[in-house]
Participant: 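Below you will find the structure I want to go over with you.
Values below: every heavy atom of this structure, side chains too, minus hydrogens, waters and symmetry copies. Lettering of chains follows the sequences in order, A, B, ..., and the numbering in each one begins at 1. Model, not experiment: these values are computed from the prediction.
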Amino acid sequence: MVTEIINSNWTVSCTIAALCLPLISFILACIIPNRYSWVVTITSLLLLFVSMIMACSVSLTILNNHEYWSIATTWFSLSKVHFTVGFHVDSLTVLMLPVVTIVSFLVHLYSTGYMAGDKNVKQYFAMLGFFTFSMLGLILADNLLLLFVFWELVGFSSYMLIGHWYDKPAAGAASKKAFIFNRIGDAGFLIGLMIIWANAGSFNLESLHHVEIYSWQTAATLCLFCGVIGKSAQFPLLTWLPDAMEGPTPVSALIHAATMVAAGVYLLAKLFFLFTPEALQVVAIIGTITALIASLSALVQTDIKKILAYSTLSQLGFMVLAVGTGSPQAAMLHLFTHAFFKAGLFLGAGAIIHSLHQLEHHTHQHFDVQDIRTMGGLRKELPVTFITFLICGAALSGLPFFSGFLSKDAILNSVTAWAGTSLSWKWFIVISAFAIPFLTMLYTFRLIWYVFFGENRTKAIIGQAVKFGEVPFVMRMPLIILSVCSLWFIVSPNPSEFHGWLYHTLSVTPEDGISLTTVISAGWVLLALVVSYFYFRNRSIESSTSALSQLLYNSFYLDKIYEVIITVPVNKLTALTEKIDIRWVDGFIHATVLVNVTLAHVISWFDKYIVDGGVNGMARVAGSVGSVTRSFQGGKIQLYIFWAVLGIIIFLISMLI
Amino acid sequence: MQHYLLSLLIFTPLLAALIALFIPAEKKGVFFSLAAGACFVQLVFLVMILTGYKAGASLQFVEQHNWITIDLGTWGVLKAEYFVGLDGLNLPLVALTVPIMLIATLASYSIQKSVKGYFILLLILNAAIIGSFVALDFLLFYFFFEFMLLPMFFLIGIWGGPRREYASIKFFLYTLLGSILILIVMIGLYISVQDPDVPGKITHTFNMLHMSNPINYISNSILDPNHAWKIGSFDVRVLAFVFLFIGFGIKLPMVPFHTWLPDAHVEAPTPVSVILAALLLKIGGYGLLRIAYPVFPEAALHMSWFVGLVGVISIIYGALNAMASKDLKRLIAYSSVSHMGFVLLGIASVTTEGVSGAMYQMVSHGIISALLFLIAGVLYDRTNDRMISNYSGLASKMPMYFGVVLIGFFASLGLPGFSGFIAEIMVFLGAFKSHSVNGLLPTSLAVIATLGLILGAAYYLWTIQRMFFGPFSIKGNTSASQLPDLIRSEYVVLLPLVLATLFFGIYPQPLLDFINPYAQYLVDVVISHGKVIGSTLNH
Amino acid sequence: MEQVLTGKLESIQQSFAFFLPEIILSIGILFILMMGIVFRIRENKTDSDKSSDHRHTYSIVSIIILLASATAMLTQWSTLIKPTALFVEMIRVDQFSTFLKIIIEASTIVVVLLTWRGKFQTKLSEYYALVLAIVLGAHLLMMSINFIMVFLSLEIISISSYILAGFSFNKKASEASLKYFLFGSIASAIMLYGLSILFGLTGSLDFTSSSFSTALIEKSSPLMFTALLLALAGFLYKIAAAPMHIWSPDIYEASPMPVVAFFSIVPKLAGFGILTKFLLAISLMSKSAYDWQLIISAIAILTITIGNFSALAQKNAKRMMAYSSIAQSGFLLVGLTASLPSGIHFMLFYAVVYAVANVVVFLFLQYFESNNIHTIAEFKGVGKQLVWPSILLFVALISLTGLPPTSGFSAKLFIFSSLWEAYSISGKPVLLVLFVFGLLNTVISLFYYLRIPYYAFLKDSTGTFKQHNLTFENLFGFILVLVILILFFLPGMLMGWINKITFVL
Amino acid sequence: YFFEAVAAISAISIIFIRNVFYAALLLVVCLLAIAGIYVLTFAEFLAVAQLMIYAGGILVVIVFGIMLTTKISGKPLQVGNQHVLSASLVGIFFLSLFIRLFASESFQVTSNAALGVQNTYQQIGVLLMSDYVLPFEIAGILLLVALIGASVTASLKQKS
Amino acid sequence: MQPIHHILFLSALLFSTGLVVVIMKRNAIVVLLGIELMLNASNLNLIAFNQLNPALFKGQFFALFVIIVAVSEAAVGLAIILRVYQHYQTSVPDDISELKD
């Protein structure tokens with residue numbers, strides 16, 4: 001399938017250039033002194049633009065000639081084994097390359113407006129560049145080790161970007177949480193890697209293709225799936241993503257919607273051949289649970305970004321579900337479409353937040369700029385934003401003629417095909433799979449109704465007539481591009497047929513005909529739209545205190561559960577180990593290893609320093625032992641003699657008897 | 001010249017110490033320049049060595065002179081030599097030692113209290129560390145090994161923090177306990193081993209290379225591999241291995257013999273902490289690789305699961321304790337415990353990957369821990385306060401410092417791109433592979449070890465969150481004006497380390513070229529000898 | 001009958017040639033006593049206090065005597081390859097005892113120098129006479145092969161020691177002297193009782209004779225064992241080994257520093273000399289019915305442990321050194337326990353190292369005592385003001401602990417090597433116990449040895465110290481410390497010499 | 001047997017008598033009895049030495065000592081007991097031990113060899129100057145040392 | 001029963017008695033007496049054993065030198081006791097205890 005063609009040198013160098021330019025952007029941003037931080041904005045924008053052009057041209061070329069290639073060079077080698085750095089371009093890569101570079105470039109562009117005036121703008125752009133580099137590396141990597149390297153680096157840049165406003169305690173906490181959750185997944189990923197290594201002896205994806213099926217594969221792939229769970233925020237590690245919304249909104253768009261979180265799905269698709277049916281079942285179940293939880297939670301959120309975050313979660317769950325049902329192509333398709341419309345939604349939300357923030361700045365009034373309860377009727381104030389947001393929202397909710405409809409369709413198709421005709425537990429998953437688009441519709445339009453329709457609550461809060469400013473051009477521009485990308489033609493020329501040109505690159509054997517599911521799903525979402533209109537159109541959001549809504553609001557109290565089952569025990573454990581260290585290990589060693597007395601005297605010697613408890617008790621015991629050995633040398637000579645003679649007697653008895 | 005480079009490396013600091021002895025104590029600046037100068041001279045020698053070294057497992061730069069030869073009458077001749085040499089195992093460590101000593105010396109610029117004594121001790125310590133790395137004669141090794149203790153004892157005890165006396169005594173006693181265990185084995189070994197090169201009378205030799213060859217054992221001697229001596233139900237050779245393991249493990253340090261480390265680190269002045277963490281700990285791992293494994297291969301194979309278990313326990317336990325630490329230096333010290341657990345795990349796997357990883361981890365940890373302790377020192381220099389809870393939001397106050405801290409912390413928690421990642425990956429490769437290659441370590445052990453990665457991330461990030469994030473505020477009796485960002489002299493010591501850890505993280509091959517042949521050789525030797533000995537015992 | 005007698009007389013005449021060192025000592029004792037009388041008479045006449053001059057004279061004269069006797073021994077050295085019995089099987093000169101004798105003479109010279117630097121000045125002629133008498137007694141004790149000679153020379157040492165112990169003439173000293181006397185005479189009474197039974201059982205007073213050893217094998221009864229043990233007790237008392245060690249701390253604390261240094265070396269080594277001979281005789285190349293190796297190891301373990309553990313708690317430096325010397329006796333016993341020729345060689349090496357290190361310690365302890373430093377806590381901050389004495393003292397203490405780079409380490413290494421070898425020959429578990437125990441005790445001993453340097457270097461001083469004229473102490477201490485270090489780096493120098501010593505029963 | 005009984009009784013009485021002076025006198029009695037035993041076992045020379053040195057020498061010294069100490073302290077010379085239990089345990093142990101051990105041994109007395117010995121004094125004299133000349137000389141030194149020692153110890157009254 | 005056994009029993013008795021006296025009596029002079037008893041016990045042994053081979057006089061000579069030693073010990077001992085007496089005004093060893101830890 002993969003043909004190495006020497007002639008394709010051009011694509012190779014283009015790809016490598018596309019990969020390295022963001023890195024150069026990062027390095028430049030690090031080197032350029034603080035005074036010239038404005039230079040950074042320009043350089044990184046330019047570099048990213050070039051990178052994007054290159055990536056797109058590579059993709060287009062390869063899409064045309066199907067000349068997949070890979071190059072590799074030895075990174076380091078142990079005596080017999082070599083670890084390589086290599087890139088491999090195949091259909092998945094080709095799909096992902098433009099997505100990452102385009103979204104990244106747009107986010108860069110957007111950020112020049114959004115982040116204007118931020119004091120750490122240099123650092124911000126540096127990390128954006130670094131992230132793009134890592135993400136591209138992740139896509140291009142031809143072996144699992146390298147993939148893991150970039151996988152981690154992506155996590156690191158995410159950490160840095162979430163924590164960008166480190167003055168905010170919440171941002172710090174969120175970034176830490178994100179990294180640690182990722183790390184938990186990564187540990188699993190690493191175990192999976194190692195199992196593969198130990199059994200197959202290679203990391204190279206190509207050579208892994210030729211490995212026969214072994215019993216270890218289920219374990220290995222499940223471990224790899226742990227990495228996915230962490231990175232793509234699947235159940236049970238999903239709560240970091242909503243928290244990660246503390247980062248700047250463009251970052252959320254880039255990392256936590258379009259690219260990084262999707263990397264998990266990408267990985268699944270890429271390693272799909274390794275997964276055994278048993279593992280896939282787990283994958284499907286996890287995906288379903290995630291999607292359900294997230295979409296239910298999204299229904300009651302009030303923070304605009306959080307709603308989007310939960311929506312991302314549910315979409316990711318949906319994709320994972322797709323992979324689990326044996327259709328990585330569908331998942332990739334959804335990933336592709338999702339990247340654009342979700343980025344568009346986030347950037348749109350960012351635009352709203354930006355303008356509200358400006359407003360807040362002007363009026364010197366404080367209110368929560370991200371709370372949808374403070375918004376309303378923005379349709380008139382921010383028309384461009386409204387339209388783009390609407391288009392992207394429609395794509396998200398899967399209305400026909402939008403890209404989301406097609407990709408969702410593909411997934412639903414594969415789910416039904418997978419479930420088969422016989423009734424089994426798999427039908428629960430099918431039902432859920434159909435419930436999810438419905439829910440998606442509900443929360444999407446709930447959001448849209450609240451934000452853009454109805455009366456303008458912001459004015460009510462501020463209490464005066466204010467002038468809303470539409471966001472600057474550099475910010476509007478990406479919105480428009482992204483919303484255009486959310487239309488159907490990006491997937492397929494036929495708005496009802498997902499087997500478009502994109503799907504071809506992914507799958508060798510396209511299926512034919514408009515399936516029943518397509519029709520059903522179209523009707524289904526329209527029904528949902530109607531429901532949402534009647535249910536949410538004019539309803540104000542009162543903070544509901546009902547148990548159910550609280551449950552959903554806190555996304556089933558997963559965080560609380562973690563606290564109870566992980567954080568608290570770990571804290572207890574650390575306290576315990578500390579105590580063990582001071583009291584037992586030290587105490588034990590104080591008491592016995594140095595044969596009691598020694599340390600008794602150390603301690604009596606230093607006792608004024610050792611105030612910590614525990615040790616003292618030991619010391620006293622040991623000290624008394626010491627004084628016993630001494631006491632019979634008190635000063636009574638006749639007693640001495642007695643002891644000496646007694647010693648002789650003991651020797652005599654012990655030897656004679 | 002070529003042949004005396006190692007001796008020059010050892011004796012340069014000693015010579016400088018001797019010169020310093022005759023300079024009146026009032027001239028404070030002289031001692032600093034003298035010590036730094038000596039380190040620079042060493043650096044020149046090191047470069048000469050590195051250029052002259054040919055990759056491969058063989059010994060190079062060997063110097064071998066008779067040291068002690070005593071005729072013991074009926075039971076032969078006792079022979080100890082001045083025998084030094086370099087191979088893939090100790091070259092990286094020597095190459096680590098020299099720059100780290102230079103950095104530690106430079107970082108000692110601010111020492112005020114009895115400067116003369118301080119630098120003399122530092123120079124002696126320098127010589128002893130290099131000596132113990134290059135010595136190939138057990139007695140010589142032991143001499144240098146013990147000789148490190150006294151300068152260290154005084155460096156902690158005189159120039160340390162408020163509980164310095166306690167810490168120094170604890171350090172000394174622990175290490176001495178360990179070295180006594182080593183001494184016991186050493187005595188047993190040299191009595192059991194004869195020098196094959198000397199004909200005629202039995203020559204008891206301290207030569208480590210002879211010790212690791214089973215044919216050199218006097219038949220029916222106490223540690224003769226072909227003759228199973230037993231004490232109670234214990235095989236003597238296994239017992240000897242365990243003694244060595246504990247002896248070096250104390251130095252490493254491994255749980256539960258680690259408690260000297262936090263105390264010593266917390267109390268020691270910054271440069272001494274740097275040396276302690278970056279260099280002294282390595283001697284434990286070095287000893288295991290140099291002595292314990294080659295000399296007792298079958299015992300090592302027999303006990304490997306135990307070594308691995310202790311390694312894993314150290315990883316987890318150290319990390320948990322680090323999480324509980326309230327003192328920055330203590331946290332870093334416990335993280336050292338955790339990281340040195342990887343060394344044990346790697347060694348225990350007895351695979352090329354694992355052993356290479358362990359060796360790589362030693363170098364990497366040497367660089368990173370030096371960096372971390374210098375980082376802690378920066379803060380301590382400014383405020384005399386290392387309590388984590390007393391700081392908040394430092395990132396906005398000292399952005400460059402924050403940058404360096406980030407690099408240090410993430411390097412330590414094993415982010416790709418830093419040397420720690422390469423080392424840990426290789427250790428894991430070895431640990432997971434071990435089960436299928438030689439069946440020494442159960443996979444579950446390796447799986448548990450990955451928990452260490454998560455915990456590592458947790459305690460470092462938590463620290464960052466507490467100290468650097470959030471709005472700026474400090475507690476205690478410090479004021480914000482005491483917290484300027486990094487100054488030039490601090491860059492001088494910090495930057496080389498940052499660059500080194502990056503370099504070895506991105507391009508590990510040069511170091512692996514040194515390490516790998518030895519690791520391969522060691523694994524081959526251990527496995528083949530271990531099997532040979534094991535089979536002769538069964539017959 | 002007559003011929004037998006003349007033969008005996010001739011052999012006695014020939015014996016005098018080998019007896020020269022002891023004759024020199026005896027004449028020296030008399031000479032010093034005479035000098036004392038002459039000076040006293042003159043003092044009474046001139047009525048002027050010129051005792052300080054006499055101090056020098058006494059010291060120089062005793063050093064000359066000791067040197068003369070040592071020279072005499074050195075000239076004999078080469079002729080001593082074959083042991084020679086003297087005075088009709090009363091004593092026997094051999095290289096082993098001569099070696100120890102030379103150590104003793106050398107240490108005594110140092111002790112004389114210490115006395116010369118010390119402060120007490122009364123009754124010096126008697127003092128030196130007694131010192132020389134102890135040296136003479138030690139010589140005889142190590143050479144004797146006859147119970148009568150053993151007993152007599154032991155008593156010479158003891159009686160002189162009782163008096164020397166009280167030589168500060170204060171309350172404490174007289175008390176120490178009384179204690180020493182009571183304990184010592186009972187120990188010797190017990191030993192005598194053992195010896196008398198031995199005589200009865202074997203019919204021989206010469207414990208190296210064949211009749212003694214055959215009787216030992218033939219009549220190995222509990223009574224024999226009891227008698228041997230009682231006799232051993234007397235020797236153990238001399239070397240201050242458990243359980244006969246209890247006298248030493250009190251005596252050390254109260255006696256003047258040079259006397260303590262003297263006690264810690266001379267009678268102890270003499271005791272080891274005779275103990276070695278006696279043990280070699282009674283263990284009969286381990287043909288004996290009783291496992292003497294076991295008993296000696298048990299004693300060694302006990303001694304090391306008691307010595308070390310009690311030393312831990314001491315606050316007075318001299319007292320601590322007393323316990324330390326008990327522990328060191330235990331280590332010396334380790335060499336004996338191996339019951340190998342190499343073990344005894346190494347014991348001799350250890351003895352040299354021990355003597356040197358101990359002398360250095362007492363040299364500087366005396367110096368510090370002149371600064372009113374008695375307890376360990378009073379060493380606070382000394383290291384910063386009196387740098388050189390503290391460093392030299394530190395090295396000596398490290399050597400006693402047995403850490404590189406001091407010869408104490410080599411000595412311990414050697415002595416435990418022979419023990420290990422003995423274990424691999426015999427496989428007795430008790431030897432292994434002793435091995436591990438002894439080495440672990442080293443860790444413990446480090447603790448108290450380190451306390452003085454610890455206070456000296458790590459604590460800050462409260463007052464200032466007088467800078468006495470230190471050149472002598474520093475120079476002398478430096479030379480001795482150099483010896484300690486050289487013996488680590490080049491132990492072959494001394495061991496080569498020691499290894500030539502052969503043992504014949 | 002008479003002498004033995006006397007010696008035994010007087011020795012044991014020393015334990016129970018409380019007056020120092022009487023104790024000393026009892027010792028004399030004991031020693032005299034032992035001298036008697038010497039005579040009976042053909043060690044006349046030793047018996048004489050015992051009489052002269054012990055009874056004549058040591059006892060005089062001891063009595064002298066008792067009187068001096070009494071004079072200094074001015075207290076009656078009563079002596080108390082201590083550690084009674086441990087002392088008697090040790091004593092009984094050794095007594096029973098030795099009696100058992102001695103009883104288990106058989107000592108061959110050379111038959112009538114003692115009767116053949118004549119002129120013991122001369123023989124002793126010759127032996128003293130030949131075989132035992134070194135102990136003889138050393139004993140001289142020992143006595144000298146003791147003399148010096150005693151004088152040194154006792155004479156420094158004025159200084160303290 | 002052999003003719004020397006009764007002497008040996010007597011010596012054992014004297015030895016034990018001496019030991020008891022040494023440990024039990026509170027007066028140093030009496031302790032001295034105890035020591036003399038012990039020495040005499042040894043002497044008795046020696047003389048008794050001398051009978052096994054009387055021609056050589058070994059036991060007798062030993063005993064003779066023991067007596068000499070006993071004399072010197074007694075002399076020195078008493079001197080020391082007198083000395084202590086001057087300092088402490090007592091000859092009870094237990095009251096003399098300035099040397100303690």
Participant: As a test of understanding, state which of C/S248, C/P249, C/S255 forms a side chain to side chain contact (heavy atoms under 4.5 Å, CB included) with C/Y252.
Facilitator: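 Of the listed options, the one satisfying the test is C/S248.
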Participant: So which part of C/I156 gets closer than 4.5 Å to some heavy atom of chain E, the side chain, the backbone, both or neither?
Facilitator: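 No part of C/I156 comes within 4.5 Å of chain E.
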Participant: Measure E/A74 against the heavy atoms of chain C and call it side chain, backbone, both or neither at under 4.5 Å.
Facilitator: neither
Participant: Set out, in order, the CA-CA distance, both residues' side-chain angles and the distance that settles side chain to side chain contact (heavy atoms under 4.5 Å, CB included) for C/F181 and E/L32, then state yes or no.
Facilitator: CA-CA 10 Å; C/F181 166 72; E/L32 202 59; 3.4 Å; yes
Participant: Tell me whether E/N50 contacts the main-chain N or O of E/L46 through its side chain, where contact means a donor paired with an acceptor under 3.5 Å.
Facilitator: no
Participant: C/S188 versus chain E, heavy atoms under 4.5 Å apart: side chain, backbone, both or neither?
Facilitator: side chain
Participant: Under the side chain to side chain contact (heavy atoms under 4.5 Å, CB included) criterion, do C/M191 and C/F151 qualify, and how do the steps go?
Facilitator: CA-CA 9 Å; C/M191 180 186 81; C/F151 186 65; 3.9 Å; yes
Participant: Determine the option with the most heavy-atom pairs under 4.5 angstrom with chain C, choosing from E/S11, E/S72, E/A63.
Facilitator: E/S11
Participant: Checking C/Y193 against chain E: side chain, backbone, both or neither under 4.5 Å from a heavy atom?
Facilitator: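 Both the backbone and the side chain of C/Y193 come within 4.5 Å of chain E.
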Participant: Looking at E/L19, E/N43, E/I35, E/L39, which one has more heavy-atom pairs under 4.5 Å with chain C than the rest?
Facilitator: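 Answer, by heavy-atom pair count under 4.5 Å with chain C: E/I35.
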Participant: Counting only non-hydrogen atoms closer than 4.5 Å, does E/L44 touch chain C with its backbone (N, CA, C, O), its side chain (CB onward), both, or neither?
Facilitator: neither
Participant: Report which part of E/F15 has an atom under 4.5 Å of a heavy atom belonging to chain C: side chain, backbone, both, or neither.
Facilitator: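 Only the side chain of E/F15 comes within 4.5 Å of chain C.
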Participant: Between the main-chain N or O of C/N146 and the side-chain N or O of C/S144, is there a donor-acceptor pair closer than 3.5 Å?
Facilitator: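 Absent.
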Participant: For the residue pair C/F147 and E/F62, does the interplanar ring angle fall in the parallel (under 30°), tilted (30 to 60°) or perpendicular (over 60°) class?
Facilitator: parallel
